[in-house]
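What follows is a set of notes on a single structure, which appears directly below.
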Amino acid sequence: MLKTCSCGELSAQDAGRTVTLAGWVNRRRDLGGLIFIDLRDRDGITQIVANPEISPAAFAAAGTVRPEYVIRVKGKVRLRPAGMENPDMSTGEIEAVASQMTVLNPAKTPPILISREENEEEGLRLRYRYLDLRRERMQRNMLIRHRAVKFIRDFLDERGFIEIETPILFKSTPEGARDYLVPSRVHPGKFYALPQSPQQLKQLLMIAGYERYFQIARCFRDEDQRSDRQPEFTQLDLEMSFVEREDILQLTEELIIGMVAHACEKRIKSVPFPRLSHADALDRYGTDRPDLRYDLELVDLTTIAGRSRFRVFTRAQAAGGVVKGLRSPGCADYSRKQMTDLETLAKSKGAKGLAWLALRQDGSVRSPIAKFLAEPLMAELMAAADMEPGDLLLMVAADREVANAALDVLRGEMARRLRLIDPDEVAFGWVIDFPLFEWNEKEARWDPSHHLFTAPQVHDIPLLDSDPGAVMSDQYDLVCNGYEVGGGSIRIHQRQLQEKVMSLIGLSASSAQEQFGHLLEAFEFGTPPHGGIAPGIDRLVMLLAGEPNIREVIAFPKSQSATDLMANAPSTVTPEQLKELHIKLDLT
RNA sequence: GGGGGCGUAGUGUAGUGGUUAACAUGCUGGCCUGUCAAGCCAGAGAUCGCGGGUUCGAAUCCCGUCGCUCCCGCCA
């Protein structure tokens, strides 16, 4: 090794040792007759002093180095002179006095400063990702990610799970998201698909008798990006045989609790994780992935509001829609501009407008729709929303979906404005009892609300024939801070039931056979009841690290248009490559 | 596919039709033996994303286009 110890490990106890350090010049402070260098490696920073009276050669070398030069320094560790300690540095009690200094490699002035963040355009950080990754923030995030994954592996290993790799080149199935395709050279006109998840493979591993499987699995989906979505992402994919829902929830909960304690400084708000049904989540929070860090629940005001003379309310009710409200404590004095901002937010989710009613401290009411509300009705509305003097009630009248979406975003906005969010806290919860199907208006058929391998709850199986929309599934989602961070289910393990679900979602017997024949066949060779879950590693680590998007916890993420700005991928290939793959381009 | 925001020295910003495009930071040089966002002095550094148009005159107005980003659609 070119170094005897790291820049982060030295402390007062090392005083007197002669050490060799190697790393990057973080900063240099040239005082003329004395030069200080903050030497950085992955482990930390140690201050180097170059003094011409101790080593003229090292002092001369120190004069030539610049930020990001890679250097090697031999020197004696000593306590800093009294009063010169730096309490802001973990190594601030000591410094290394250079007796030798070698430049291992000089560096051009980097386009971004490593030692400080300047809120650069993200494209620039991605183009020079190897420099961005040198920064403290990214090194910290990579470390949190490593610790989280290491904990997962150790935890599951102790519980008898084994990690098994599954293919990256697999089979396309038009269900679900768009596939990334890989052309086959030896089979002209045929394609592999990159897995959207190892779902089928892990079920086949259960059929194969492995009972407890997991994988830190890369998944690929060719859909448009969001701040919490990348074209390739990582899941903890796990599956168990002979389990019921409760077994998976318990195991996952224990895993997450340990991981949080192990990987970061966050506290978990509630243990055990609160559970709510899918229907409850929508009623109370307007979303199936509620942010449980704060209360602010929605109230359904449809029946009261429907008796008002306000046409927007009565029409919504008549059309089968809802009027739902959100009490905003202490916001009765909101200005017109503040109200307009909230209305703009509501409209961004499809609401036609935002009705509101403020109960002033003196008991008087301020509301643009006051003239449509008789006094007793107004009192009823306020009572239903638990209004106290000083509160503001925001109301959206629309179909249920739009009202929920608008109030969900308003709820988040009010929580920020009212500072109800503790940044050191993460709030996990379970959403359970999902409907097995959602009605697809456009295609006039049932879609699986999770995926087509999800088992219906046993007592609802008879409803598959009579009322598919009422069938509840054994699906469960893990949510955290308003993100879906994992989803799973008990799976179907019988061919007949699987075929029934396939036919209900409009899959013909022939295409079911073509796409899933291997799985259907396997079901007939002794398939144990099984189930599992797939927590999203990127989103979890993002929340543990307190980052606003998953790119900050991925070493080499893609841009929103799915490009790699550093390597410049995707890129063109040679005509020869295309010919081998039997591909002709049509770029019209 | 659609909507919003952003694009000006290496970096972050200011600059809403009129001299030589400003400030901070970084960079280069000089001075400086206890700095740690070191300090002081001097200096270099911008075809204002790109293309077209309007105008006597465009960083600024208009059209197009590219890139980054946020959102909708999409994401079993």
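Labels below follow one simple rule: chain letters A, B, ... track the order of the sequence lines, proteins then strands, and each chain is numbered from 1.
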Item to check | Atom-pair distance (CD on E401(A); C1' on rC72(B)), nearest Å | outcome: 13 Å
Show me the donor-acceptor pairs, under 3.5 Å and distance only, between side chains in residues 48-63 of chain A and residues at least two apart or in other chains.
| unit_1 | atom_1 | unit_2 | atom_2 | d |
| --- | --- | --- | --- | --- |
| N51(A) | OD1 | E53(A) | N | 2.9 |
| S55(A) | OG | A58(A) | N | 3.0 |
| S55(A) | OG | S99(A) | O | 3.0 |

Next on the checklist: Heavy atoms only, 4.0 Å cut-off, all strands: where does R445(A) land among base, sugar-phosphate and nothing?
Outcome noted: nothing
Checklist entry - So, is Q560(A) close to the rC70(B) phosphate, meaning a side-chain N or O under 4.0 Å from OP1 or OP2? => result yes
Checklist entry - Can you find a side chain N or O atom of S561(A) that sits less than 4.0 Å from OP1 or OP2 on rC66(B)? => result no
Next on the checklist: Between K324(A) and V396(A) (side chain of the first, backbone of the second, donor and acceptor by atom type, cut-off under 3.5 Å), is there such a pair?
Outcome noted: no
Next on the checklist: With a 3.5 Å limit on both atom pairs, tell me what rG39(B) is paired to, counting Watson-Crick and G-U wobble, or say none.
Outcome noted: rC31(B)
Next on the checklist: Check the phosphate of rA38(B) against R29(A), side-chain N and O only, distance under 4.0 Å to OP1 or OP2. Yes or no?
Outcome noted: yes
Checklist entry - How is I505(A) classified with respect to the nucleic acid when contacts are heavy atoms under 4.0 Å: base, sugar-phosphate, or nothing? => result nothing
Checklist entry - With rounding to whole Å, what would you report as the distance between rG51(B) and rC71(B) at their P atoms? => result 32 Å
Item to check | Spacing of the C1' atoms in rG30(B) and rG12(B) (rounded, Å) | outcome: 28 Å
Checklist entry - OP1 or OP2 of rC68(B) sitting under 4.0 Å from any side-chain N/O of S559(A)? => result yes
Next on the checklist: Give me the distance, rounded to whole Å, that separates rG4(B) from rC63(B) when you measure between the P atoms they each carry.
Outcome noted: 12 Å
Checklist entry - Under 4.0 Å: is that the gap between some side-chain N or O of R229(A) and OP1 or OP2 of rC74(B)? => result no
Next on the checklist: Counting the atoms with a prime plus P, OP1 and OP2 as sugar-phosphate, which does P81(A) contact under 4.0 Å by heavy atoms, base, sugar-phosphate, or nothing?
Outcome noted: base
Checklist entry - C1' atom, rC23(B) versus rA46(B): distance in rounded Å? => result 14 Å
Checklist entry - Which part of the nucleic acid does E85(A) contact within heavy-atom distance under 4.0 Å: base, sugar-phosphate only, or nothing? => result base
Item to check | Distance between P atoms of rC62(B) and rA21(B) (Å, rounded) | outcome: 24 Å
Next on the checklist: For rC71(B) and S227(A) - does any side-chain N or O of the residue sit under 4.0 Å from the phosphate oxygens OP1/OP2?
Outcome noted: yes
Checklist entry - Can you tell me how far P in rA24(B) sits from the matching atom in rA42(B), rounded to whole Å? => result 12 Å
Item to check | Under-4.0 Å salt bridge between E232(A) and R218(A) | outcome: yes
Checklist entry - With respect to the side chain of D224(A), which nucleotide from rG10(B), rG73(B), rG34(B) is positioned closest? => result rG73(B)
Item to check | Side-chain touch P529(A)/V243(A), heavy atoms, less than 4.5 angstrom | outcome: no
Next on the checklist: Using the side-chain heavy atoms of E122(A), tell me which of these nucleotides is nearest: rC75(B), rU35(B), rC68(B).
Outcome noted: rC68(B)
Checklist outcome for this item: RNA chain B nearest-nucleotide lookup for L452(A) and E118(A): closer to the 5′ end is E118(A)
Next on the checklist: In this structure, how many angstroms lie between the P atom of rU11(B) and the OH atom of Y128(A), rounded?
Outcome noted: 8 Å
Item to check | Below 4.0 Å: OP1/OP2 of rU69(B) and any side-chain N or O of R125(A) | outcome: no
Checklist entry - Which is true for E95(A) with a 4.0 Å heavy-atom rule: it touches a base, it touches only sugar-phosphate, or it touches nothing? => result base
Checklist entry - Any idea which of rG67(B), rC71(B), rG34(B) is nearest the E121(A) side chain? => result rG67(B)
Checklist entry - If we take the C1' atom in both rC6(B) and rG49(B), what is their distance in whole Å? => result 11 Å
Next on the checklist: rC70(B), OP1 or OP2 - any side-chain N/O from R551(A) closer than 4.0 Å?
Outcome noted: yes
Checklist entry - Could you give the CD-to-P distance, from Q196(A) to rC74(B), as a whole number of Å? => result 16 Å
Checklist entry - Considering only side-chain heavy atoms of P67(A), which listed nucleotide, rG26(B), rC27(B), rC36(B), is closest? => result rC27(B)
Checklist outcome for this item: Paired to rG67(B) by Watson-Crick or G-U wobble criteria (both distances under 3.5 Å) is rC6(B)
Checklist entry - Does a salt bridge link R416(A) with D291(A), judged by any charged N lying under 4.0 Å from a carboxylate O? => result no
Checklist entry - Rounded to whole angstroms, how far apart are CG on D30(A) and C1' on rU33(B)? => result 11 Å
Checklist outcome for this item: Atom CG of L31(A) and atom C1' of rG39(B) are separated, to the nearest Å, by 8 Å
Next on the checklist: Strictly below 4.0 Å: does R27(A) bring a side-chain N or O up to OP1 or OP2 of rA37(B)?
Outcome noted: no
Checklist entry - Partner of rA22(B) by Watson-Crick or G-U wobble geometry, both contacts under 3.5 Å, or none? => result rU13(B)
Item to check | Ring geometry between Y476(A) and W430(A) (parallel below 30°, tilted from 30 to 60°, perpendicular above 60°) | outcome: perpendicular
Next on the checklist: Just N and O in the side chain of R66(A): are any of them under 4.0 Å from OP1 or OP2 of rU28(B)?
Outcome noted: yes
Next on the checklist: Can you tell me which residue among K108(A), R40(A), R135(A) is in a salt bridge (Lys or Arg N to Asp or Glu O under 4.0 Å) with E68(A)?
Outcome noted: R40(A)
Checklist entry - Taking atom P in both rU54(B) and rU60(B), what distance in whole Å separates the two? => result 15 Å
Checklist entry - Of L113(A) and P548(A), whose nearest nucleotide on RNA chain B comes first from the 5' end? => result L113(A)
Next on the checklist: Does either side chain, that of E438(A) or that of N440(A), offer a donor lying less than 3.5 Å from an acceptor on the other one?
Outcome noted: no
